[in-house]
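Step one of this worksheet: look at the structure below.
Heavy-atom basis, side chains included; hydrogens, waters and symmetry copies ignored. Order of the sequence lines fixes the chain letters, A, B, ..., with proteins taken first and strands second; residue numbering starts at 1 for each chain.
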Amino acid sequence: MVLLRTVMIVLAVLVTGTALAGEQAADDLVLANGGVRLQKPKGKACIRPTEWMRRNHMDLLIHKQAMTVREGARMRSESLLQCQSCHPNREAFCDRCHDYAGVEPNCFECHNYPE
Amino acid sequence: MTMDRRTVLGMGGAVAAGVLLAPGVQLIAAPPSNETSAAGSQRWAMLVDVNKCTPGCTACLDACRKENNVPLFGDPARDVHWIRKVEVQDKEHRRAPFTLPVLCNHCENPPCVHVCPTLASFIRKDGIVLIDEHRCIGCRYCMIACPYKARSLVYFSTRFPKDGNPRVPIRAKGVVEKCTFCVHRVDDGQLPACVETCQGSGQGAMIFGDINDPQSEIAQRVKTLRTETIRADLGLKPHVHYQGL
């Protein structure tokens with residue numbers, strides 16, 4: 001009985017250790033606010049400071065949306081399509097954080113996010 | 001070096017002013033050069049030469065559907081059309097039946113804009129009538145107001161087509177959509193897809209340009225030739241002109 005218990009403990013330690021090591025090994029993930037793991041961006045810098053984007057990207061997108069649709073001010077470098085050049089996978093970046101935060105934006109019902 | 005009290009206070013004031021102004025200096029930085037903007041001096045218009053529009057040709061319709069990801073649901077009563085071909089017959093048979101493309105006329109006095117309760121329909125500075133689909137609630141007042149039947153409601157959810165055009169978003173279920181004069185192309189200095197196709201593989205019946213520019217082909221042709229608009233009696237001042245109607 002003691003032997004079985006020992007084996008179980010060793011197994012549990014091994015499994016947990018491997019899982020932790022595996023998570024640390026995935027170097028394409030970065031830890032964002034609150035512990036959600038997001039895909040590491042490709043480029044050097046975002047169009048705004050990262051801290052600012054984390055909190056305000058939705059306001060920026062809505063402002064750009066109004067400017068583009070109503071005024072015809074199309075700024076290619078700051079369009080939604082351009083986000084994809086640094087964050088290629090929507091599921092691993094946008095959706096993962098939105099799921100974590102419990103918000104459901106409907107941008108991608110219509111807008112294409114090419115992979 | 002010693003400073004008197006007045007100098008010290010003055011320098012303190014200068015530092016405070018600098019700190020206050022510094023964020024403002026960033027705010028008025030020049031915008032990046034890749035920005036476009038609709039100009040109020042322009043007024044985009046289209047001219048269709050009906051004599052060159054052949055009955056069997058659907059080049060403009062196909063090009064529009066492909067460029068703007070316009071869905072077909074397989075139900076004629078629900079299908080979305082941004083541009084359609086209309087066959088006209090003379091009741092007294094003085095003239096052979098002919099066809100012409102009918103699309104949003106981008107009126108100067110658009111009734112669709114006047115009735116829109118959410119200000120989703122609007123007229124841009126350069127005369128293009130657009131729908132801000134983010135604001136549209138799908139009430140369909142505009143569809144009733146439009147005398148050209150240019151607008152369609154999206155009755156069903158659609159998926160982005162595999163070979164779709166990534167520059168144009170699809171439209172969600174429950175909003176109204178219509179021809180935009182391919183506004184994304186016009187902003188980039190290109191022609192609308194229907195006009196480009198008509199001039200390329202089609203019959204060369206359509207031209208597009210700035211009617212406010214007296215040097216443009218469209219302005220000269222509208223000035224010198226006999227052109228008409230559909231239902232000119234309504235006083236909406238459409239910007240799709242027809243020649244040989």
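- Put simply, the side chain of Asn69(B) gets close to the backbone of Asn165(B): a donor and an acceptor are under 3.5 Å apart.
- Counted within 6.0 Å of OH on Tyr141(B), heavy atoms from surrounding residues, nucleotides or ligands total 12 or fewer; the atom is thus considered open.
- Counting heavy-atom pairs closer than 4.5 Å to chain A, the top-ranked of the candidates Pro166(B), Ser157(B), Gly164(B) is Pro166(B).
- In this structure, Arg78(B) forms no cation-pi arrangement with Phe156(B), as its terminal cationic atom is not both closer than 6.0 Å to the ring centre and no more than 45° off the ring axis.
- Neither the backbone nor the side chain of Asp126(B) comes within contact range of chain A; no heavy atoms are under 4.5 Å apart.
- With a threshold of 4.5 angstrom between heavy atoms, Arg159(B) does not approach chain A through any atom at all.
- Residue Lys64(A) places its NZ atom among more than 12 non-hydrogen atoms of other residues, nucleotides or ligands, all under 6.0 Å distant.
- For the options Ile123(B), Leu130(B), Asp188(B), Asp132(B), heavy-atom pairs under 4.5 Å to chain A are most numerous at Asp132(B).
- Chain B forms the most heavy-atom pairs under 4.5 Å with one residue out of Ser79(A), Ala66(A), Ala73(A), and that residue is Ala73(A).
- For the pair Cys142(B) and Cys112(B), the tightest heavy-atom approach, listed with the atom from each and the gap, is CB-CB, 3.7 Å.
- In this structure, chain A has heavy atoms under 4.5 Å from both the backbone and the side chain of His184(B).
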